[in-house]
Engineer: 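Handing you a structure now.
Only a predicted model underlies this, so the values are computations on that prediction, with no experimental measurement involved. First listed ligand is number 1; within each ligand, the first listed atom is number 1.
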Amino acid sequence: MIPSVAIADVEPSRPPAASPDERTLDAVARRVLWLAVRMVHEANHVRPNVGGIKVGGHQASSASVVSILTAMYFRWLRAGDLVAVKPHASPAYHAIQYLLGNLDGSMLTRLRDFGGLQSYPSRTKDPDPVDFSTGSVGLGAVAPMFAALADRYLRAHFLESVARQPERRFVALVGDAELDEGNIWEALLEEGLGDLGNVTMIVDLNRQSLDRVVPGIRVRRVEAMFAAAGWHAIEAKYGSRLEARFALPDGPALRERIDDMENEEYQILIRRPGPEARVRLIDGASASGRDALARSVADVPDDDLPELLADLGGHDQGVLERLLRDADRETARPTVLFAYTIKGWRLPFAGDSLNHSALLGAEQVDRLGEALGADLAEPWAAFTPGSAEARLCARRRRDLGYGIAKEPIAPASTPVLATPDVRIPASTSTQQTFGDTLAALARDAEVGPRIVTAAPDVAVSTNLGGWINRAGVFAREDGPDRGDIKRPLAWTLGPGGRHIELGISEMNLFMWLSQFGLSGELFRERLAPVGAVYDPFIARGLDALIYALYVHARFVLVGTPSGVSLAPEGGAHQSTVTPSLGIELPGLRSYEPVFGREVVWTLLEGLRGCLDEDDGFATYLRLGTRPIDQSLAAPVEARLGLDGWRAAVLAGGYRLIDAGEAAATLPASSPVVVVMATGSIVPEAVEAVRILHDEEVAANLIVVTSAERLASGQHGGRLDALRNGRPDGVGLMAELLPPAERRAPIVTVADAASHALSFVGGIYGAPVVPLGVDAFGQSGTIPALYRASGIDAAHIVEAALLALDLAERPTTLGALRDGSVGAGSRASA
Ligand SMILES: Cc1ncc(C[n+]2csc(CCOP(=O)(O)OP(=O)(O)O)c2C)c(N)n1
Ligand SMILES: [Mg+2]
């Protein structure tokens with residue numbers, strides 16, 4: 001938490017506005033600034049504060065972009081354009097939405113309040129329309145780029161419906177320190193994003209981050225980096241007053257001096273009293289340039305000098321408009337506009353290095369209101385009806401297409417998801433079946449056209465080859481014909497392609513999923529985006545994955561291969577924490593199928609989540625390369641039939657081996673133990689259960705296909721169930737464990753951190769011995785690694801025997817048979 005700091009007061013400045021239009025625009029900008037500042041003030045100093053925690057909000061960061069937002073929303077933007085606004089400009093953004101009639105005035109008192117305006121613009125939680133959520137800096141900066149790619153993709157694939165939509169611009173208004181985030185540079189290097197002429201990034205170049213004035217003149221390097229990435233880089237550097245002065249005979253000396261000044265010096269200069277500013281300005285110049293420099297500002301009164309020096313292009317409507325039109329003319333590549341601004345513009349702490357979290361005092365707010373022409377008695381007043389400002393707001397509301405009902409989303413009803421005909425060999429891996437299923441779906445007339453895949457340079461190794469051969473690779477134009485060269489992977493490029501190949505950036509993959517996964521909401525055509533990534537590298541893009549879920553994108557994420565089952569690949573590629581992510585991330589359904597059929601079913605369910613008209617969700621499939629003997633599934637198929645098995649898989653798990661059924665000769669006194677296993681490790685669990693049966697232990701094997709479904713039933717449902725007098729209402733666990741078995745000890749086993757499944761004992765108070773991979777792996781064979789990690793059959797058997805010792809009153813097979821709970825006597829195993 002940043003403490004409020006005492007900051008020297010400087011008078012708010014009000015540059016002269018010339019034409020009636022400019023005056024109107026300036027009046028709008030002043031009102032936006034006032035509302036933004038007052039909103040934060042209300043939240044911190046007026047609204048009753050329960051608990052005494054500083055509410056916060058960013059007056060300085062909002063002020064920094066007031067002119068830019070005004071130029072955008074009151075001049076430049078068109079209906080259909082989609083905009084990401086830097087997170088800490090939320091108050092200014094909402095002020096604009098209020099003036100444009102999209103936000104009820106009562107909300108202005110509810111910034112950062114429960115159910116009120118969010119701290120950072122949120123698509124899903126704010127009451128007014130927000131195109132892109134922002135918050136974690138860097139992500140909002142690139143979201144519009146991926147949305148622009150989705151727009152391009154849709155225009156190439158769904159011509160009729162999308163062609164009716166207006167050409168859109170995709171805009172990101174970002175903070176300058178936000179450019180420190182590496183994900184922005186990963187997106188800049190992505191070749192599919194490099195020629196999006198409808199993308200504009202506007203950098204609020206206030207030279208300040210959270211903690212400090214950014215040293216040196218970093219912008220020069222950054223501009224060169226954008227240019228090197230193929231972007232059209234332009235600057236709104238100086239305002240018209242300074243530009244006019246540069247045009248005078250000694251003007252070049254002044255320009256050179258400011259151009260060459262490091263950020264820290266500039267920030268000090270614009271905050272010093274006029275006489276001191278003049279001395280600093282001139283003394284800091286080279287000896288040869290001092291005279292011309294002194295002459296260049298000789299006629300500027302002292303009082304006016306700091307304000308003249310702070311006349312930057314990012315606060316000049318004329319300059320901004322000219323440059324935004326310039327961005328429009330560039331249609332072959334994206335544009336970045338560096339808009340030079342003052343953080344805290346027109347506020348007493350303008351340009352102060354510690355103003356990021358600073359709040360104006362009550363008196364300062366009143367003085368500001370007066371200076372900005374606001375009515376202190378009616379702080380939330382909109383413009384007087386009939387005034388030039390009110391007319392401008394009404395006109396812009398129409399121009400921006402606000403209030404017009406959106407087209408319905410296609411497809412209007414959930415498409416039929418027919419189970420594709422996939423040949424599943426006697427022994428196969430989940431990754432193999434995933435690839436085969438997608439390849440089969442490429443020819444599905446109903447769902448195939450809506451599936452689009454992406455992989456960060458791992459398409460081949462995650463088994464997308466068959467799909468890519470049939471679906472092709474998306475490119476703006478047809479690729480060169482390879483003639484009769486026969487290769488296992490055809491890689492046919494063209495606008496009809498349905499695979500998008502990304503460079504090695506997991507951040508880009510998740511940002512891609514976030515925007516392609518919102519295609520229904522953004523462009524009225526739903527897609528089913530499937531992203532494939534090596535499971536361990538999910539962590540590399542985790543923040544972007546969380547972002548994709550936070551914005552409610554619908555997608556299928558396939559993490560493969562996973563776990564130490566990737567044995568020879570070694571510890572650097574073995575994932576252990578991903579099942580926990582699958583359980584804990586909100587809005588994500590997670591499956592770890594074992595058998596080929598289960599892959600087909602869970603993938604189809606994930607695609608349904610993308611395309612369903614009401615029940616949308618994102619899905620994570622954790623897969624692997626270990627060949628699994630498919631005949632091991634015979635008992636469940638025999639007991640439940642295919643439909644029952646499928647329903648159980650989607651619900652989260654099923655009983656694969658039941659001791660009573662499988663080992664009819666076991667004595668009634670055999671103690672009961674439950675083995676719960678997930679993923680690649682199931683064959684070891686089957687072997688262990690058989691050994692236990694030989695040892696006269698009544699071991700049951702439950703396969704968990706979704707720890708997430710199990711946990712959500714258990715955690716989410718329990719309290720409600722108790723409230724409603726249904727202690728049994730704990731989701732799937734109640735079905736998996738019949739009452740007589742609920743106190744029997746449980747051994748959990750996964751090719752993942754042991755913690756991932758250990759929660760299962762909590763529901764009925766059964767002792768649990770969790771097995772899993774709790775150390776980094778290494779290269780080796782699967783048996784060697786399973787043994788070293790303690791998840792092979794021998795360890796499962798040992799754990800089961802030890803678990804039996806934990807149970808005070810062991811459950812016996814006989815008791816299970818007559819349904820009495822924990823009543824049997826202890827039998828030695
Ligand atoms: C990923 C991430 N890290 C850290 C933060 C905390 N944070 C919020 S704003 C900010 C500084 C942003 O500076 P800049 O982008 O220049 O915006 P300004 O406030 O100057 O407008 C930081 C570090 C964050 N929001 N997201
Ligand atoms: Mg900044």
Side-chain angles (χ1 to χ4, degrees), residues 1-2 5 7 32-33 36-37 40 54 56-69 84-93 112 118-122 132-143 172-187 201-219 221-223 236-237 263-264 266-267 270 310 312-315 336-347 349-359 507 510-511 514 539-548 550:
M1 184 60 60
I2 311 295
V5 283
I7 281 172
V32 172
L33 177 59
V37 169
V40 178
K54 178 181 170 183
H58 300 92
Q59 291 172 333
S61 300
S62 290
S64 190
V65 290
V66 159
S67 339
I68 300 173
L69 283 173
V85 175
K86 68 169 191 175
H88 26 299
S90 155
Y93 177 74
R112 297 184 165 224
Q118 301 302 297
S119 319
Y120 309 112
S122 167
F132 300 98
S133 297
T134 58
S136 176
V137 295
L139 302 185
V142 306
L173 172 57
V174 309
D176 52 346
E178 198 168 350
L179 297 177
D180 290 346
E181 287 290 358
N183 80 282
I184 296 179
W185 302 100
E186 292 180 30
M201 189 184 286
I202 304 171
V203 181
D204 170 23
L205 200 106
N206 59 26
R207 300 158 304 283
Q208 291 186 235
S209 58
L210 194 160
D211 283 340
R212 58 176 184 166
V213 171
V214 177
I217 319 181
R218 179 161 11 170
V219 59
R221 199 165 62 228
V222 172
E223 277 180 354
K237 189 163 186 183
N263 292 342
E264 297 98 321
Y266 179 75
Q267 296 290 125
I270 58 173
L312 297 181
H315 297 301
V336 57
L337 167 59
F338 291 93
Y340 285 63
T341 56
I342 307 284
K343 186 160 174 170
W345 179 68
R346 290 184 171 176
L347 304 184
F349 45 51
D352 189 289
S353 63
L354 282 177
N355 64 10
H356 185 83
S357 311
L359 298 174
M507 274 288 188
F510 292 122
M511 290 311 292
S514 80
R540 187 68 175 258
L542 186 55
D543 195 31
L545 168 59
I546 292 170
Y547 176 86
Y550 181 68

Engineer: Taking backbone and side chain together, does Q208 place any N/O/S atom at a distance below 2.8 Å from the Mg ion (ligand 2)?
Structural biologist: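 Here the distance criterion (N, O or S atom, under 2.8 Å) is met by Q208, so yes.
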Engineer: Return yes or no for this condition: an N or O of D176 is under 3.5 Å from an N or O of ligand 1.
Structural biologist: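 The answer is yes, given that D176 and ligand 1 share an N or O pair closer than 3.5 Å.
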Engineer: Could you tell me which N, O or S atom of D176 is nearest to the Mg ion (ligand 2)?
Structural biologist: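 Result: OD1.
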Engineer: Just how far is it from atom OG of S62 to atom NZ of K86, taken to the nearest 0.5 Å?
Structural biologist: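 Going from the OG atom of S62 to the NZ atom of K86 covers 7.0 Å.
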Engineer: Could you find the nearest protein heavy atom to atom 13 (O) of ligand 1 and give me its residue, atom name and distance?
Structural biologist: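 For atom 13 (O) of ligand 1, the nearest protein heavy atom is A177 CB, 3.4 Å.
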Engineer: Below 4.0 Å, non-hydrogen atoms only: which portion of D204 touches ligand 1? Side chain, backbone, both or neither.
Structural biologist: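 Under 4.0 Å from ligand 1, D204 contributes side-chain atoms alone.
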Engineer: Are any side-chain N or O atoms of N183 and backbone N or O atoms of G138, one a donor and one an acceptor, separated by less than 3.5 Å?
Structural biologist: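 Yes; at least one donor-acceptor contact below 3.5 Å.
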Engineer: Using only atom types and a distance under 3.5 Å, with no angle test, would you say the side chain of W185 pairs donor to acceptor with the backbone of D180?
Structural biologist: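 No, W185 side chain to D180 backbone: no donor-acceptor pair under 3.5 Å.
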Engineer: Of all the atoms in N206, is at least one N, O or S atom closer to the Mg ion (ligand 2) than 2.8 Å?
Structural biologist: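 Within the cut-off used here (under 2.8 Å), N206 does place an N, O or S atom near the Mg ion (ligand 2).
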Engineer: Given 3.5 Å as the limit, does a donor-acceptor pair link the side chain of N206 with the main chain of S64, or not?
Structural biologist: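 Side chain of N206 to backbone of S64: no pair is present.
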Engineer: So do the side chains of L312 and T341 get within less than 4.5 Å of each other, counting heavy atoms only?
Structural biologist: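 Result no, sub-4.5 Å side-chain heavy-atom pair not found.
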Engineer: Is there any N or O on H88 that sits under 3.5 Å from an N or O of ligand 1?
Structural biologist: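 Yes: some nitrogen or oxygen of H88 is under 3.5 Å from one in ligand 1.
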Engineer: Could you tell me which atoms of ligand 1, counted from 1 in the order shown, lie closer than 4.0 angstrom to a heavy atom of E178?
Structural biologist: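 Ligand 1 atoms under the 4.0 Å threshold to E178: 15 (O).
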Engineer: Nearest non-hydrogen contact with atom 5 (C) of ligand 1 belongs to which option: N183, V65, V137?
Structural biologist: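 Of the listed residues, V137 has the closest heavy atom.
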Engineer: Given 3.5 Å as the limit, does a donor-acceptor pair link the side chain of S119 with the main chain of R112, or not?
Structural biologist: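 The answer is no, because no donor-acceptor pair under 3.5 Å joins these two groups.
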Engineer: Please report which non-hydrogen protein atom sits nearest to atom 22 (C) of ligand 1, along with the residue it belongs to and the distance in Å to one decimal place.
Structural biologist: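 Its nearest protein heavy-atom neighbour is L210 CD1, 3.6 Å.
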Engineer: With a 3.5 Å distance limit and no angle check, can you tell me whether R207 reaches the backbone of L205 through a side-chain donor-acceptor pair?
Structural biologist: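 Judged by distance alone, yes, a pair lies under 3.5 Å.
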Engineer: Got a donor-acceptor contact below 3.5 angstrom from the Y547 side chain to the G135 backbone?
Structural biologist: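 Side chain of Y547 to backbone of G135: no pair is present.
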Engineer: Out of all atoms in ligand 1, which are within 4.0 Å of some heavy atom of H356? Include the element for each.
Structural biologist: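 Selected atoms, number and element: 9 (S), 19 (O).
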Engineer: With respect to atom 24 (C) of ligand 1, which of G135, G344, S62 exhibits the smallest heavy-atom separation?
Structural biologist: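 Of the listed residues, G135 has the closest heavy atom.
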Engineer: Any donor-acceptor pair under 3.5 Å linking the side chain of N263 with the backbone of I217?
Structural biologist: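 Looks like no, no N/O pair under 3.5 Å.
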Engineer: Which of the atoms in ligand 1, numbered in the order shown and given with their element, are less than 4.0 Å from a heavy-atom of S136?
Structural biologist: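 Listed by number with element: 1 (C), 26 (N).
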Engineer: Answer side chain, backbone, both or neither: which part of K86 comes under 4.0 Å from ligand 1, heavy atoms only.
Structural biologist: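 The part of K86 near ligand 1 is the side chain, not the backbone.
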Engineer: Any donor and acceptor pair, going by atom type alone, linking the side chain of E178 with main-chain N or O of V137 inside 3.5 Å?
Structural biologist: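 No; judged by distance alone, with no hydrogens or angles, the pair does not exist.
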Engineer: Start with the C-alpha gap between K343 and D176, add the side-chain angles, then the distance that decides, and say whether salt bridge (charged side-chain N to carboxylate O under 4.0 Å, His left out) holds.
Structural biologist: CA-CA 11 Å; K343 186 160 174 170; D176 52 346; over 6 Å; no
Engineer: For ligand 1, which atoms have a heavy atom of S61 less than 4.0 angstrom away?
Structural biologist: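 Listed by number with element: 18 (P), 19 (O), 21 (O).
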Engineer: Can you tell me how the ring of H88 sits relative to the ring of H58, calling it parallel under 30°, perpendicular over 60° and tilted otherwise?
Structural biologist: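 Aromatic pair H88/H58 classed perpendicular.
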Engineer: Polar contacts were defined as any N/O atom of the residue lying under 3.5 Å from an N/O atom of the ligand; does this apply to S64 and ligand 1?
Structural biologist: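 Between S64 and ligand 1, no N or O pair is found under 3.5 Å apart.
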Engineer: Touching ligand 1 at all, P87? Heavy atoms, strictly under 4.0 Å?
Structural biologist: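 Contact check P87 vs ligand 1: negative.
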Engineer: Residue-level breakdown please: for Q208 versus ligand 1, do any non-hydrogen atoms fall below 4.0 Å on the side chain, on the backbone, on both, or on neither?
Structural biologist: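 Only the backbone of Q208 comes within reach of ligand 1.
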Engineer: How does N206 reach ligand 1, if at all, at less than 4.0 Å between non-hydrogen atoms: by side chain, backbone, both, or neither?
Structural biologist: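 N206 to ligand 1: side-chain contact only, backbone stays beyond 4.0 Å.
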